[in-house]
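Below is one structure, written out as structure tokens; comments come after it.
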Amino acid sequence: MDTSLSLLPFFFFFFSIIIILNKINRLRSSPASKNKLIDRHVISHSQESKFPQGSLGWPVLGETIEFVSSAYSNHPESFMDKRRLLYGRVFKSHIFGTATIVSTDAEVNRAVLQSDSTAFVPFYPKTVRELMGKSSILLINGSSQRRFHGLVGSFLKSPLLKAQIVRDMHKYLSESMDLWSEDQPVLIQDVSKTVAFKVLAKALISVEKGDELEELKKEFEQFISGLMSLPINFPGTQLHRSLQAKKKMVRQVERIIEGKTRRAKNKEEDVVIAKDVVDVLLKDSSEYLTHNLIANNMIDMMIPGHDSVPVLITLAVKFLSDSPAALNFLTEENMKLKSLKELTGEPLYWNDYLSLPFTQKVITETLRMGNVIIGVMRKAMKDIEIKGYMIPKGWCFLAYLRSVHLDKLYYDSPYKFNPWRWQDRDMNTSSFSPFGGGQRLCPGLDLARLEASIFLHHLVTRFRWIAEEDSVKNFPTVHMKKKLPIWIKRR
């Protein structure tokens, strides 16, 4: 693990070279063309707006190396902080082969994220686009995206699914926690990832256990390994292996869809109530939603759920372990709920978990400090002026959310874990956007909160623990270096 991490900076060095050489930006084609492009925007909009200041870095490489180097440090936002002091909260750069407008301004970020596809569309590296496919929910725009997002979002927010999540989390956590030993550390990151994947697979495609689940998980791990790989597709490369893994998963999901269709046709099961996301999409009459498209998108939808929920849970345990006052307050709140339910003989419902005020503040503060999603990338479809800044057509826009969440302009003592700061603070502001925003706001954000709430409740009501020293790594994804080992004592 340590060896592979140490090699990643070199990987990104070559990654950026290949990307840029394959698709060289016009800005870099010659000094004359660069000046022409910049001058056109500065001159034509000089009276109403300004072209962001900044640097395009080295020829070909841009500022990618410094960006990646900062990302691996203890303060990944240092790349942004340095340029913010020099150029302001919105500046130009050139990273991962693309001319980019970088924003650490909360209002500018919100405006871009809330724009429709006539102004901005999603932007991902070439490898990610190839793995997703053109029909991925993460890439499509317009009415198709809104319809798909609406169908999925409505189901994920439904009380029926939330009730199922509560039952499943209780079952999976009980099975796991019953086996925890006081003689060896428990790796919270691994436990949360295993439980979250089971919950996700059942919610999306009703795969719950056995060989089918294990095969799906095995192929999925191979698939996501290619998301940050070199954009080279031939036998033996990681991208090729990942594409093959996705094909196997798609065939597996297509078999599940065919089985559902057959049983519905033969009236072998109740088709009125949707049991998973596939059921929801199969009920839609749109010819656009073919079985193959649904199967592909079920795989793509596993990506954010696979990482975001386990990271949120792991970071919450990490921050609580480092903050005894917050841990004691949260434990007391959850123990009171447990005692009340035992007294009345009632089970715990999903709204019980989400109504725990301090637990929700802990999750909110974890989202702010942990930055599960460090930023969101878009591509400008036309020249756009926002808050006096000109974002040129064809340029990438990076809304760097981490810098906003850790900015002393918006938060007092931003690097201090302080759940109490949310006592009288509104979360619906431009300075807090842990799941993005606009039409592409993560439809599973309520479920992420629910799963984290359930995990923390079971953990604090069943165990006391001491966490080993561990550190947060923020690149290429947020994770704990040692998977957050804790030593537990049963209550």
Side-chain angles (χ1 to χ4, degrees), residues 71 75-77 80 102-114 122 138 149 153 156-157 189 192 196 200 301 303-320 326 353-354 356-378 397-423 425-453 455-456 472-480:
H75 293 283
E77 63 280 4
M80 310 299 171
V102 181
S103 171
T104 63
D105 185 290
E107 294 177 0
V108 173
N109 289 349
R110 167 164 282 197
V112 171
L113 295 180
Q114 290 184 339
L138 301 177
H149 192 279
L156 295 182
K157 295 175 183 176
Q189 185 168 283
S192 59
L200 184 66
M301 288 180 63
I303 297 171
H306 177 264
D307 274 335
S308 59
V309 173
V311 170
L312 172 58
I313 291 171
T314 305
L315 291 177
V317 176
K318 163 66 175 173
F319 294 146
L320 287 169
Y353 292 106
L354 295 179
L356 292 168
F358 190 74
T359 301
Q360 294 312 308
K361 292 180 179 63
V362 165
I363 293 172
T364 301
E365 182 70 346
T366 300
L367 288 169
R368 183 194 70 81
M369 276 195 67
N371 292 285
V372 176
I373 300 174
I374 62 172
V376 178
M377 301 183 82
R378 295 285 187 265
F397 177 90
L398 171 59
Y400 197 71
L401 308 178
R402 180 181 174 89
S403 283
V404 175
H405 294 156
L406 298 174
D407 192 335
K408 62 183 179 181
L409 175 68
Y410 306 113
Y411 299 96
D412 294 331
S413 303
Y415 288 92
K416 179 181 180 182
F417 181 73
N418 178 19
W420 289 275
R421 75 169 78 241
W422 299 97
Q423 190 71 40
R425 188 184 182 109
D426 184 12
M427 289 189 298
N428 189 28
T429 64
S430 59
S431 61
F432 183 69
S433 49
F435 291 101
Q439 296 177 358
R440 293 183 177 274
L441 178 66
C442 176
L445 63 90
D446 288 341
L447 293 188
R449 279 189 172 273
L450 178 58
E451 290 183 52
S453 301
F455 193 103
L456 291 175
V472 180
K473 299 298 179 183
N474 293 281
F475 201 79
T477 58
V478 182
H479 61 282
M480 300 302 297

Thr429-Arg110 side chain donor-acceptor pair, cut-off 3.5 Å: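 No, because no side-chain N or O of Thr429 sits under 3.5 Å from a partner of the opposite role on Arg110.
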Establish, from distance only, whether the side-chain atoms of Ser453 and Thr359 form a donor-acceptor pair under 3.5 Å.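 Absent: no donor and acceptor within the cut-off.
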Would you call the rings of Phe432 and His405 parallel, tilted or perpendicular, where under 30° means parallel and over 60° means perpendicular?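 Phe432 and His405: tilted rings.
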Parallel, tilted or perpendicular for Tyr415 and His75, by the 30°/60° rule?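 The arrangement is perpendicular - the two ring planes meet at more than 60°.
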Could you pull out the closest heavy-atom pair between [X] and [Y], with the gap in Å?
X	Y	result
Ala196	Pro310	CB-CG, 3.8 Å
Ala326	Phe358	O-CE2, 3.3 Å
Ile363	Ala452	CD1-CB, 3.9 Å
Gly370	Phe319	N-CE1, 4.1 Å
Ala106	Val404	CB-CG1, 3.8 Å
Ile313	Ser192	CG2-CB, 3.9 Å

Any sub-3.5 Å donor-acceptor pair from [X]'s side-chain atoms to [Y]'s backbone N or O?
X	Y	value
Gln189	Met480	yes
Arg368	Pro419	no
Arg421	Ser413	yes

Hey, what do you get for [atom1] ([X]) to [atom2] ([Y]), rounding to the nearest 0.5 Å?
X	Y	atom1	atom2	value
His149	Cys442	NE2	SG	7.5 Å
Leu113	Arg440	CG	CZ	11.0 Å
Leu409	Ser403	CG	OG	12.0 Å
Thr364	Arg449	OG1	CZ	3.5 Å
Phe455	Leu450	CZ	CG	14.0 Å
Ser431	Tyr411	OG	OH	4.0 Å

Tell me, do [X] and [Y] make a side-chain contact under 4.5 Å, heavy atoms counted?
X	Y	answer
Phe435	Val376	no
Leu320	Leu456	yes
Val478	Lys473	no
Asn371	Leu406	yes
Leu367	Leu315	no
Val362	Phe417	yes

Give a yes or no on whether Asp412 atom CG has more than 12 heavy-atom contacts from other residues, nucleotides or ligands under 6.0 Å away.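 For Asp412, atom CG is not crowded (no more than 12 foreign heavy atoms under 6.0 Å).
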